[in-house]
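Written out below as structure tokens is the structure these notes cover.
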Amino acid sequence: MGVPSDPEYKSAGQEVIGTIDTAPGVLEPIRTSQNIQAKYGQTKRGLSPRHVQLMAIGGSIGTGLFIGIGGVLSKAGPLSVFLGYLFWGILFIWPTNLCVAEMCAYLPIRGSIFELASRFVDPAIGFAMGWTYFYAGVMLVCVEYSAVATVMSYWNEDINPAAWIAMAMAVCIALNLVAVKWYGESEFIMASTKVILLFGLVLLTIITMCGGNPKKDAYGFRFWKDGNAMHSYHSDGATGRFLGWWKVVIYAGFTIAGPDMICLSAGEIQNPRRTIPRVAKLIFYRLVGFYVIGVLAVGIICSSRDSRLLGALESDAAGAAASPWVIGIENLGIDVLPHIINAAILLSGWSCGNAYLYSSSRTLYGLARDGQAPKFLLKCTKSGIPINCVGTVSLICCITFMVASNSAVEVFYWFVDLTTTGLIATYTFMLLTFAGWYRARKAQGLADSALFYVAPLTPYSSWFALVLGCLAIFFIGFDAFKPFDVQSFITCYFCIPYSLILFAVWKVVKKTKWVDPAEADLVSGKAEIDAECKHWEEGGIEENYQRKLAEMPFAKRCWERIW
């Protein structure tokens, strides 16, 4: 396996100054990352397994699952919502997570998966992918800030929503400026609250549908009967029911996330080659347990034909008034609980904003490390915080203050559309990167036994998910054409020309080439990571972990085993 030529590395912002042996017959280039680290500092491995688990779970359980879900429930019906989430979660998100985990467990670099895309596919793909995800991440932060304003308006509509955005922004910036360990703790607490909320709502649904409510009404699956299980959307008959289901699939693309959190935190995870596979193996249970069962429950407790749900959506009702959870609970005669749920939804939006301020700032940092963003963004504090990246993202997110002159709910849905395409495009790029990785490791004879985690059912599952992602992007705004809605068309399809222009500009300016699988770089950075992770891995990763557990008190040992 040869050493890549200097120009390839200079285009990534680093220079080859020599080589070192990483395995018999394998030379790895020594790059000037040490010089960059000395000048700017770098991020630290301060995230424990439980931090990463809750970031992967909680980072994508946001207000979309508690408030925005009412929109697709009313359009498509409860059965379509359940089937749409099951389809997207199992056939797209699950394989994407597993593919990302395979690559990042082998190379948990600080440049993230965008650098891997440059190595395995084309540097122009890495550039376009990084900036596409940055755009999606920033839009998602704006979604959650506007959601916080929406939820706060439930209690007080007289205060300008911009005040609530400023409050949410200040808290998220503060949490992102402390050492990553303490950021992880804050996200662990907030994400745990969201998980408890979702569990509580599912349990409440089970109890009330069996008659455990003030009205003693065992309503069961009443709201699925009389033709209400699947609604026709944008057309009539079977075609309309299919389009309703497809609308849910697209919305699930906004709601269900996770693979981005794995790859973006890979450079800050403790014991990454044990933690990343562990997170990957639990993904299926998270998808089914939180998303699929969650949307099943919401379609049981609230009628998709409820006049209050439809009216709240049409009138841009504030906060949890538009949430099918709250409407269903109030219909059962439960009075105090809606306020408690509203507070939990507020914390949920806050947590997601916090998580994606982290991810978008780390994206910017990774781009700067690869020479695809200005070098001043490499500046890190002594505790490993890329401070200029956090500041830049926060400055861009000030566009959320549009709620001062528009309805917070209206702005919320603008950002949802903008984010959805960006997220699906990024995950599709990740699958393309995996295709390049898979071809490269087969061409170069890198055996499964040399990997720390091997994704099951590959490459077929990744190919299917790649095709599905492309179809979703192409048909994402199908309902904006008839009648033609300019605003919906722009918010749905803006990301496509944005990503294509990024790819074309970098391709032309840098004269990049598609990577030959036999020459793809599978070794750069590995020696540095091996040295950094030596104290976790030398003597056996699992053996070291078990020895560490044995030294802990019984209670702490049980706690650690959970993660």
Side-chain angles (χ1 to χ4, degrees), residues 59 62-64 67-68 130-153 159-177 254 257 260 316 318-319 346 348-365 367 373-374 376-377 386-426 476-477 480 485-499 501-502:
T63 47
I67 295 178
W131 283 102
T132 296
Y133 181 74
F134 174 73
Y135 145 79
V138 170
M139 290 299 101
L140 195 47
V141 176
C142 295
V143 166
E144 302 304 336
Y145 285 165
S146 60
V148 167
T150 303
V151 173
M152 290 300 295
S153 300
I159 297 177
N160 193 305
W164 305 126
I165 289 174
M167 176 188 68
M169 189 178 290
V171 172
C172 290
I173 292 171
L175 291 174
N176 270 267
L177 290 179
F254 163 73
D260 47 336
D316 291 341
L346 173 65
S348 172
W350 225 324
S351 171
C352 253
N354 189 42
Y356 278 94
L357 178 55
Y358 168 87
S359 65
S360 52
S361 63
R362 277 8 178 228
T363 300
L364 202 53
Y365 176 73
L367 289 167
F376 82 93
L377 296 167
I387 186 168
N388 290 344
C389 293
V390 174
T392 300
V393 173
S394 299
L395 187 63
I396 296 172
C397 288
C398 288
I399 61 174
T400 319
F401 286 108
M402 286 191 299
V403 301
S405 56
N406 294 278
S407 161
V409 174
E410 181 183 7
V411 173
F412 171 82
Y413 280 110
W414 289 351
F415 286 130
V416 165
D417 289 342
L418 288 165
T419 304
T420 303
T421 317
L423 286 176
I424 296 175
T426 302
I476 197 165
D485 185 330
V486 175
Q487 178 262 311
S488 294
F489 178 82
I490 291 173
T491 54
C492 285
Y493 285 104
F494 169 79
C495 184
I496 296 177
Y498 170 83
S499 298
I501 290 170
L502 288 170

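Atoms considered below: every heavy atom in the structure, side chains included; atoms not considered: hydrogens, waters and symmetry mates.
Counting only heavy atoms from C-beta outward, the side chains of T363 and Y358 never approach each other to under 4.5 Å.
Proximity of a side-chain donor or acceptor of Y135 to a complementary backbone N or O of L418 within less than 3.5 Å is detected. With T421 contributing its side chain and Y493 its backbone, the two residues share no donor-acceptor pair below 3.5 Å.
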Worksheet entry | Worked verdict on R362 versus V393 for side chain to side chain contact (heavy atoms under 4.5 Å, CB included) | CA-CA 10 Å; R362 277 8 178 228; V393 173; over 6 Å; no
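The distance from atom CH2 of W131 to atom CD1 of I501, rounded to the nearest 0.5 Å, is 15.0 Å. Summarising the geometry, atom OG belonging to S488 is positioned 9.5 Å from atom CD1 belonging to I490; distances are rounded to the nearest 0.5 Å. With values rounded to the nearest 0.5 angstrom, C172 atom SG is found 9.5 Å from M167 atom CE. Taking OG from S394 and CG from L177, the interatomic distance works out to 7.5 Å, rounded to the nearest 0.5 Å. Atom CG of L395 and atom CE of M169 lie 9.0 Å apart (nearest 0.5 Å).
Between F134 and S360, the closest heavy-atom pair is CD1-O, 3.5 Å. Here the closest non-hydrogen pair linking N176 and N354 is ND2-OD1, 2.9 Å. Residue V141 comes nearest to L357 through the heavy atom pair CG2-N, 3.4 Å, listed as atom of the first residue, atom of the second, then distance. Between T420 and V416, the shortest heavy-atom contact is OG1-O, 2.7 Å. In terms of heavy-atom proximity, T400 sits nearest to I165 at O-CD1, 3.3 Å. The two residues C389 and S361 have their closest heavy-atom pair at CB-O, 3.4 Å.
More than 12 heavy atoms of other residues, nucleotides or ligands shown are found within 6.0 angstrom of CD1 on I496.
Residues Y145 and F415 place their aromatic rings such that the two centres sit no closer than 6.0 Å.
For the residue pair Y133/S359, the side-chain donor-acceptor check at 3.5 Å is satisfied.
Partners of A136 according to the side-chain contact (heavy atoms from CB on, under 4.5 Å) rule, which considers only residues two or more places apart in sequence or in another chain, are L423.
Exactly one residue among V138, T491, I424, V143 makes a side chain to side chain contact (heavy atoms under 4.5 Å, CB included) with T419. That residue is V143.
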